[in-house]
Amino acid sequence: MDRLKDIGLHLLHWYNENKRDLPWRKTKDPYKIWISEIMLQQTRVDTVIEYYLRFLKRFPDVFKLSEAREEDVLSAWKGLGYYTRARNLQKAADFIVKNHGGVFPSTFEDIRRLPGIGEYTAGAVLSIAFNQEYPAVDGNVLRVISRIEGLEEDIGKEKVKKGIGEIVLKMMPEGNASDFNQSLMELGALICIPVNPICRECPVNGFCIANLTERQNELPFKIKKEKNTEPIEYWVAVIQDKHHILMEFRSRESLLGRMWGFPMIEKNETEEFEKQFEEKYGLKLKKKSVIGTTKHVFTHQVWKMIVVRCELEEKHSFASELRWISEEEQKELPIPTAFQRVFKLLDNENGWEQMELET
DNA sequence: CAGACGTGGGG
DNA sequence: TCCCCAAGTCT
């Protein structure tokens, strides 16, 4: 008897009985599987579902995606985060159209070469869409296999990931790469969850070293990263005329680069508000009132945004990355969540006024 | 290899 | 409120 193969069979059977009904499980179209896999990177299933459906309606195949304006792709992505994913998606679509005649490649090497596709995603697309026997080692799989095998090594190490991939291949029931890989991830999502896994309901609890030795909360071993930095404080300028608001197309190098935000400068003890806005944007501003503050937490930094209503001093020209934006445009443009928060503040402000009128 | 890169949900 | 995380990739 082969322990690893036994485990594989149990997982596959469990998956067939317990898998969730997710939109990307209704298709084998590699294009759609690919879109789902990219969206699911570091992102929750519940969040992805609506984006996935909307994205495919808008870009139903690789040609449509390839032809689209980058701004429209980003707009479909806004709020999902990690916006490089959206740009790479389009670059890859372009490449597939130009070099593969629009047919999604079906070898590991060709898929792995596409921008935005790493070791995990290549294995996922190849196994899920083409049922080829490659491992797809994501965070779930690292956790599930570490626990089953009682692995003590740091799962952040490339060597460990490779080793876990090999174990996955040994478990994989013949001819079932697609369902088996998904079964590992599904188990990790539903049962073998990071904290307090539900071992009682696990189909392989009898095989699982972590469960048998009651170490399910100690595994997998992961080196903790440094966390919460001090917030960086910004002055954020809200400059409105009758029906427009002045927004900035952010520079390529900046965080949230090549998307739309508000003119803003880092709060600085030595330099004045007015001087900084003039130097950076050519904007002559008069500070009117503080609308409020809002915080946005990124993985690696925190913004504290002090939102200030400003008036333009006089008619003058300003930096070309600034543009008057109408309300309709506001809905279409790729404006990330960090700046949607500012609109929220403005809405609240109006809401307060209305409440005051009513009472 | 470590750090950049978003966001929202749950304990 | 705070902290951790979730189907990673690129540099």
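So you know, we letter chains A, B, ... as the sequences are listed, proteins then strands, and number each from 1. Predicted, not measured: the structure shown is a model, and the values here were computed from it.
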Indicate, with a heavy-atom threshold strictly under 4.0 Å, whether [X] touches base, sugar-phosphate, or nothing.
X: A:A338; value: sugar-phosphate
X: A:R25; value: base
X: A:V195; value: nothing
X: A:I38; value: nothing
X: A:G79; value: sugar-phosphate
X: A:R113; value: nothing
X: A:W24; value: base
X: A:S36; value: nothing
X: A:L142; value: nothing
X: A:Q182; value: nothing
X: A:V297; value: base
X: A:R87; value: nothing

Consider the side chain of [X], meaning its heavy atoms from C-beta on, and name the nucleotide among [options] that approaches it most closely.
X: A:T121; options: B:dT7, B:dC5, C:dT9; result: C:dT9
X: A:R341; options: B:dG6, C:dC5, B:dG8; result: B:dG8
X: A:E158; options: C:dG8, B:dC1, C:dC10; result: B:dC1
X: A:N88; options: B:dC5, C:dC10, C:dA6; result: C:dC10

Whole angstrom is fine here: how far is it from [atom1] in [X] over to [atom2] in [N]?
X: A:R85; N: C:dA6; atom1: CZ; atom2: P; answer: 16 Å
X: A:Q340; N: B:dG8; atom1: CD; atom2: C1'; answer: 14 Å
X: A:I193; N: C:dC4; atom1: CD1; atom2: P; answer: 18 Å
X: A:I117; N: C:dT9; atom1: CD1; atom2: P; answer: 8 Å
X: A:K295; N: B:dG8; atom1: NZ; atom2: C1'; answer: 14 Å
X: A:D138; N: C:dT9; atom1: CG; atom2: C1'; answer: 14 Å
X: A:K159; N: B:dC1; atom1: NZ; atom2: P; answer: 10 Å
X: A:I49; N: C:dA6; atom1: CD1; atom2: C1'; answer: 14 Å

Would you call A:R113 and A:D110 a salt bridge, using N to O less than 4.0 angstrom?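 Result for this pair is yes, salt bridge flagged.
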Determine, for A:R20 against A:E186, whether the closest basic-nitrogen to carboxylate-oxygen distance falls under 4.0 angstrom.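 Answer for the salt bridge query: yes.
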Map A:T47 and A:K157 onto DNA chain B by nearest heavy atom, then report which one ends up closer to the 5' terminus.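 By nearest-heavy-atom nucleotide position, the 5'-most residue is A:K157.
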Using the [atom1] atom as the reference point in each nucleotide, state the distance between [N] and [M] in Å, no decimals.
N: B:dG3; M: C:dC4; atom1: P; answer: 16 Å
N: C:dA6; M: B:dC5; atom1: C1'; answer: 14 Å
N: C:dT11; M: B:dG6; atom1: P; answer: 14 Å

Is the phosphate of [N], meaning OP1 or OP2, less than 4.0 Å from a side-chain N or O of [X]?
X: A:H296; N: B:dG6; answer: no
X: A:T43; N: B:dG6; answer: no
X: A:H300; N: B:dG3; answer: no
X: A:Y83; N: B:dT7; answer: yes

For A:N181 against A:G123, the heavy-atom pair lying closest together: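 Taking A:N181 first and A:G123 second, the nearest heavy atoms are ND2-O, 4.5 Å.
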Base B:dG8 paired with A:T337 side chain (donor-acceptor, <3.5 Å):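 Result: no qualifying N/O pair found.
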Whether the side chain of A:T299 and the base of B:dG6 hold a donor-acceptor pair under 3.5 Å is what I'd like checked.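 Yes, the side chain and the base share a sub-3.5 Å donor-acceptor pair.
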Taking atom types as modelled and ignoring hydrogens, do the side chains of A:Y120 and A:Q41 form a donor-acceptor contact shorter than 3.5 angstrom?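 Per modelled atom types, A:Y120 and A:Q41 side chains form no pair under 3.5 Å.
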Donor-acceptor pairs under 3.5 Å, side chain of residues 48-56 of chain A to any protein atom, not counting sequence neighbours: which ones?
unit_1: A:Y51; atom_1: OH; unit_2: A:K78; atom_2: O; d: 2.9

Show the numbers, then the answer: is there a side-chain contact (heavy atoms from CB on, under 4.5 Å) between A:R143 and A:I164? CA-CA 10 Å; A:R143 184 171 62 253; A:I164 287 179; over 6 Å; no
Parallel, tilted or perpendicular: which describes the rings of A:Y134 and A:F108, with under 30° parallel and over 60° perpendicular?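 Parallel, since the angle between the ring planes stays under 30°.
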May I ask you to decide if the ring planes of A:F277 and A:Y281 are parallel, tilted or perpendicular, using 30° and 60° as cut-offs?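 Rings of A:F277 and A:Y281: parallel, under 30°.
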Report the residue (A:G116 or A:V45) whose heavy-atom-nearest nucleotide on DNA chain C is the more 5′ of the two.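 Between the two, 5'-proximity favours A:V45.
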